[in-house]
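Take a look at the structure set out below.
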Amino acid sequence: MFQNKHIVQWVLYMTICTFVLTACKNEKVIEDKRKDTKTSESTALPCEQSYIDWNNSVARKNEKLYFAIEIKDFIDAYNYCYYQDYGKKYIQSLVTWYSYKQDFGRLKGDMCYEYTENKKILTLPTVAVYTIKHTKNIEAITVNFDDHSYTEKMYKKYEKLCFYCLKMLFPNMEKNKITSLYKKLNKKAYDHIFQTEKGFHSYNLPSDLYYRDGVGIYPYFAYGESVRMCIIPVDQKLIRSYRKKGVRLHRLDERKMSNYEI
């Protein structure tokens with residue numbers, strides 16, 4: 001009887017030990033899977049899509065030009081380019097963006113979605129995307145820099161945003177030409193500062209327009225506002241209109257950047 005009691009206790013003890021060891025092992029497996037998942041998430045491509053066919057996405061409705069793509073397409077395209085150099089994505093999902101309805105000016109009625117890397121740092125450069133009223137189609141994209149709180153560090157971040165937006169638009173353009181282009185654009189923004197009443201949301205036209213394959217890029221800076229690199233859809237009708245109104249036109253060539261007027 002005494003011996004049987006000890007046997008029962010020993011069996012119970014071994015059962016508990018086996019249960020504890022199995023639980024620990026399972027926990028380790030789960031933890032390893034979590035680590036593997038985190039690793040794969042950080043190293044995997046952020047999107048399946050590589051580049052957008054911007055030219056074929058340009059459409060016109062009710063005299064408004066737009067890109068027939070959604071913000072998610074823009075995010076994926078930007079992150080795909082950024083990933084090639086840094087192995088991670090930069091722009092987070094749309095739920096992390098600010099959003100509001102534009103209630104004045106030429107973009108009145110559009111929804112504006114604005115992304116910043118860190119909402120606690122107000123001087124960080126941002127990316128804004130304007131979508132046409134009652135649609136998810138993109139009318140304009142702007143990269144914005146708060147010049148009134150200028151620091152070299154923040155300006156470098158702004159230039160980086162400009163670089164990857166241009167790379168997203170023109171993936172075959174050489175890096176040195178992309179750099180040259182955004183530097184030209186930003187110099188023109190500072191060379192042609194508009195009065196406050198001719199701010200970005202006014203109907204005032206920019207000093208210059210660079211364009212290729214349905215995409216137009218122009219600099220814009222008005223007193224009291226941010227410096228902007230602006231991206232818009234273009235067609236021959238808009239280009240001719242800009243030319244007649246005195247905007248300097250610059251066609252971007254595959255091999256070189258040259259001035260070209262229609």
Just by modelled atom types, is the [Y] backbone N or O under 3.5 Å from a matching donor or acceptor in the [X] side chain?
| X | Y | result |
| --- | --- | --- |
| Trp97 | Gln92 | yes |
| Thr179 | Lys175 | yes |
| Asp73 | Glu70 | yes |

Qualifying residue for side chain to side chain contact (heavy atoms under 4.5 Å, CB included) with Tyr223, from Glu197, Gln195, Lys198: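 Of the listed options, the one satisfying the test is Gln195.
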Just wondering, do [Y] and [X] contact through their side chains at under 4.5 Å, heavy atoms?
| X | Y | result |
| --- | --- | --- |
| Thr142 | Tyr130 | yes |
| Tyr182 | Lys160 | no |
| Pro219 | His192 | no |
| Thr135 | Lys61 | no |

According to a 4.5 Å side-chain heavy-atom criterion applied to Ile, Leu, Val, Met, Phe, Trp and Tyr, with indirect links allowed, do [X] and [Y] form part of one hydrophobic cluster?
| X | Y | result |
| --- | --- | --- |
| Leu161 | Tyr86 | yes |
| Tyr100 | Tyr113 | yes |
| Leu122 | Val227 | no |
| Tyr203 | Val234 | no |

Begin with the C-alpha distance, continue with both residues' side-chain angles, and end with the deciding distance and a verdict on side-chain contact (heavy atoms from CB on, under 4.5 Å) for Met154 and Ser149. CA-CA 9 Å; Met154 291 301 170; Ser149 303; over 6 Å; no
Do you know which two heavy atoms are closest between [X] and [Y], and how far apart they sit?
| X | Y | value |
| --- | --- | --- |
| Leu238 | Leu209 | CD2-CD2, 4.4 Å |
| Ala77 | Ile52 | CB-CD1, 3.7 Å |
| Val215 | Ile231 | CG1-CG2, 4.1 Å |
| Ile91 | Ile75 | O-CG2, 3.8 Å |
| Met168 | Trp54 | O-NE1, 3.5 Å |
| Asn137 | Ala68 | OD1-CA, 3.6 Å |

Would Lys167 count as a cation-pi partner of Tyr90, with NZ or CZ less than 6.0 Å from the six-membered ring centre and within 45° of the ring normal?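 Geometry flag: not set, cation outside 6.0 Å or 45°.
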Nearest 0.5 Å, please: how far is [atom2] in [Y] from [atom1] in [X]?
| X | Y | atom1 | atom2 | result |
| --- | --- | --- | --- | --- |
| Asp235 | Leu65 | CG | CG | 4.5 Å |
| Leu94 | Ile71 | CG | CD1 | 5.0 Å |
| Cys165 | Ile178 | SG | CD1 | 11.0 Å |
| Glu225 | Phe200 | CD | CZ | 8.5 Å |
| Ile69 | Phe74 | CD1 | CZ | 8.5 Å |
| Lys136 | Lys72 | NZ | NZ | 11.5 Å |

Tyr66: which other cluster members, linking ILVMFWY side chains closer than 4.5 Å, directly or transitively?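 Reading the cluster by chain and number, Tyr66 sits alongside Ile132.
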Which residues satisfy the ring-ring contact (aromatic ring centres under 6.0 Å, His included) test with [X], sequence neighbours excluded?
| X | value |
| --- | --- |
| Phe194 | Tyr220 |
| Phe221 | Tyr190 |
| His148 | none |

Between Leu185 and Cys162, is the side-chain contact (heavy atoms from CB on, under 4.5 Å) condition met? List the steps. CA-CA 10 Å; Leu185 286 160; Cys162 291; over 6 Å; no
Holding to salt bridge (Lys or Arg N to Asp or Glu O under 4.0 Å), I want the full list of residues that pass it with Arg106, two or more places apart in sequence or in another chain.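 In terms of salt bridge (Lys or Arg N to Asp or Glu O under 4.0 Å), with neighbours along the sequence ignored, Arg106 is linked to no residue.
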Would you say that more than 12 heavy atoms from the other residues, nucleotides or ligands in this model lie under 6.0 Å from the NZ of Lys119, or not?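 Buried by this count: over 12 neighbours within 6.0 Å.
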Looking at Glu152, I want to see if its CD is surrounded by more than 12 non-hydrogen atoms of other residues, nucleotides or ligands under 6.0 Å.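 Counting neighbours around CD of Glu152, 12 or fewer heavy atoms of other residues, nucleotides or ligands fall under 6.0 Å, so no.
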Candidate list Lys64, Lys101, Lys133, test salt bridge (Lys or Arg N to Asp or Glu O under 4.0 Å), partner Asp110, passing option: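 The single option meeting the salt bridge (Lys or Arg N to Asp or Glu O under 4.0 Å) with Asp110 is Lys64.
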Might you work through the side-chain contact (heavy atoms from CB on, under 4.5 Å) test for Lys184 and His250, ending with a clear yes or no? CA-CA 11 Å; Lys184 271 188 177 181; His250 312 268; over 6 Å; no
Qualifying ring pair (Phe, Tyr, Trp, His ring centres under 6.0 Å) pairs with a residue from residues 153-177, counting only residues at least two apart or across chains: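 The answer is Tyr82-Tyr164, Phe145-Tyr155, Phe145-Tyr158, Tyr150-Tyr155, Tyr155-Tyr158.
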Do you see a donor-acceptor pair shorter than 3.5 Å between the side chains of Asn144 and Thr126?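 Judged by distance alone, the side chains do pair up.
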